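Residue numbering restarts at 1 for every chain, and letters A, B, ... go by the order of the sequence lines. Just so we're clear, the structure is a prediction, and the values are computed from it rather than from any experiment.
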2 protein chains.
Amino acid sequence: MNLKELAKHLNLSQTTVSRALNGYPEVNKATRLRVEVAAREFNYTPNARAKGLATGRSMSIGHVIPTSSKREMVNPVFGDFITGASEAYVQAGYDLVLTLVEDGDEERLYRNIRDKGNVDGIIVHSPQMDDSRIALLLDLGLPFVVHGRASDITANYSWVDMNNRGAFRRATGFLAELGHRRIALVNGLEHMDFAYRRRDGYLAALEAHGLKVDPALLRAGEMTEMLGHASAQEMLALPDPPTAFLSSSMMTAIGLRRAIQEAGLQMGRDVSVITHDDELAYLKNGQTVPIFTATRSSVRAAGRRAADMLLRLIADPGCGPLHSLLEAELILGESTGPVPVARPEKTYRQGQT
Amino acid sequence: MNLKELAKHLNLSQTTVSRALNGYPEVNKATRLRVEVAAREFNYTPNARAKGLATGRSMSIGHVIPTSSKREMVNPVFGDFITGASEAYVQAGYDLVLTLVEDGDEERLYRNIRDKGNVDGIIVHSPQMDDSRIALLLDLGLPFVVHGRASDITANYSWVDMNNRGAFRRATGFLAELGHRRIALVNGLEHMDFAYRRRDGYLAALEAHGLKVDPALLRAGEMTEMLGHASAQEMLALPDPPTAFLSSSMMTAIGLRRAIQEAGLQMGRDVSVITHDDELAYLKNGQTVPIFTATRSSVRAAGRRAADMLLRLIADPGCGPLHSLLEAELILGESTGPVPVARPEKTYRQGQT
DNA sequence: TTGAAAGCGCTACCAC
DNA sequence: GTGGTAGCGCTTTCAA
């Protein structure tokens, strides 16, 4: 059933029915009620394409995820991010359009996304440090929010990010305070902004604790189980092996733990591991003390926030670039209870530059 | 730039320009060339909504993922599935619309999806054994392909599934052949079809090897690290603990391995683990022998296949329900080399019922 | 408070 | 080969 038929059935004009259904004030109360009842009765659902054509808005948001042989496959945390974003979209009546893109030809791709017109704005995933997409999107005038930041870009754009630097600084600090002197980092590809920041936090903590950096204890690559395994295996074979590992991903950590086990070492006794993507981690202190890193729910909160931000940007383009830095929970203690939700550290507006 | 403007610029009618751009045969070769050049020059991209309104097709596919507090969060393998599906969509010029839905009110929801008209078909994720959505969708006449099956449903519908039963039968068999008599299964929620089938395969293998089923070695729940940890902890405290574990998910396996380690046992020596979602698993035989379970790439292949299937169903609705069962790689051996891609076991058409 | 009619940008039918 | 024109289903002036 479409609007025309519904109107005919009610002996009303399309105009009135449309107005009644879209909450315009000038409709007679009784008329509106009649229309609403009939709409429900006939399961009337407006055609989104037609509505979009008429209003100029598509009521959907694009999520653009770069993939290529050189980058990682779709990151597992993406599911959590989307879950959070989706909440906002459902409430606001928006749809989510997912676009996986091989890198290369960004110019044409993003222009097409805009001109095709089936999204009102996009969320940009996996920014690199010098991500060229930001300038491009600013130029195209398509509203967007970046999930993460691009450290080498000076332009002012909207983003939502986890405090990666802070999380890794603290995690490294924990290990140092427990007496570890040889702390390894198995990171993601370091042209990715999140990985750069994590490394930065790691280095800062080493320096703060008077530990010197050993390049042999640093590894970066696609965050696979294989990377974790190979890295740990090689490092543990060093004359002066690490006694603790920081891992940037759950996947990497799985391989890393396997290598530790294969080396005949025991987690939490001989060697400690803290994983970023993981819900639980280990510290060396005789018996295992988990560090609770609530990354999954934090990422979900980030998704929610990014979506809210973008919707606001679309509704009120003048509200200027928005930023939000979320603090990931990182709790020393028992591994019980529900996962706490990340709290925003700060959110602020800023005038357009 | 839109069609009208482009046509005016070229001193041609919209009709001709449209025909030239859409590959209709009756266009003069020279004209077509002129049009194509101009289109590229002005970065002309047809408006998808207008095109959709005119053609009646939206050129996008919906992926519907149920979520609720009672079910698991978005499964990590979903990213791989989407990656595969996306390849097909890009080639065919389709977009991917992602819809996360809380369960309840399926009736209204799926009807809305159809009537809203911004997808031409959907992929149904996470089917339960008696999933009510299948009858509903069949009734609604919206083309769909299920990722997985619904064992309790007798209707004939299109699906793509991994051979979960076979994979768990084989995995259990490996362990039994290595001499394990007490093999535990930590499964997903067993009203989910994949979990039911995995359990079924596990039970079949036990029976084939003359091992008896011990309910104390069976656990099912949301596939979290906590489930894995709690399950393994309790089982290892039994008077007659298991010497091997099968885990339905990477997340569960992480917790499970932690419990093993906390119990002072050593993986691959005291106890063996095979994880489904994982790339590597362990067998007990003096030294560690990994089982390479190429689930990630297998799932990606499944996504690709499901998408191809749905596109075909949309193009030719008469081609009848299609089915495809994919075999997950499960290789005893070294953990090196690239991940092999799943081969289809069988694909066949079938007349409409 | 209601309705007629003009688009939104495109395709597709029919005439030339 | 090419062009005029009537929709696709909705919103939104403008009049009444």
Side-chain N or O of Thr31(A) less than 4.0 angstrom from OP1 or OP2 on dT2(C)?
-> yes

For the pair made of CE in Met59(B) and P in dT11(C), what is the distance, rounded to whole Å?
-> 11 Å

Are Asp105(A) and Arg108(A) close enough for a salt bridge, meaning some N to O gap below 4.0 Å?
-> yes

So, does His63(A) use its side chain to make a donor-acceptor pair with the main chain of Ala85(A) at under 3.5 Å?
-> no

What integer distance in Å separates Asp115(A):CG from dC10(C):P?
-> 10 Å

Between dT1(C) atom P and Lys29(A) atom NZ, what is the distance in whole Å?
-> 11 Å

Classify every nucleotide of nucleotides 9-16 of chain D by which part a protein heavy atom approaches to under 4.0 Å, writing B for the base, S for the sugar-phosphate alone and - for neither, in 5'-to-3' order.
-> BBBBB---

May I ask you to decide if Phe78(A)'s main-chain N or O and His125(A)'s side chain share a donor-acceptor pair within less than 3.5 Å?
-> no

Just how far, in rounded Å, is C1' of dA4(C) from CG of Leu12(A)?
-> 14 Å

Just by distance, do the side chain of Asp120(B) and the backbone of Met59(B) share a donor-acceptor pair under 3.5 Å?
-> yes

Check whether any side-chain nitrogen or oxygen of Ser13(B) sits under 4.0 Å from OP1 or OP2 of dG3(D), and answer yes or no.
-> yes

Test side-chain contact (heavy atoms from CB on, under 4.5 Å), reference Ile65(A), set Ile123(A), Leu98(A), Val124(A), output is Leu98(A)

Once you round it to whole Å, what is the distance between C1' of dT2(C) and CZ of Arg32(A)?
-> 13 Å

Nearest-Å distance for atom pair CG/P, residues Asn28(A) and dG3(C) = 11 Å

Mark yes when over 12 heavy atoms from residues, nucleotides or ligands other than Arg57(B) sit less than 6.0 Å from its CZ; otherwise mark no.
-> no

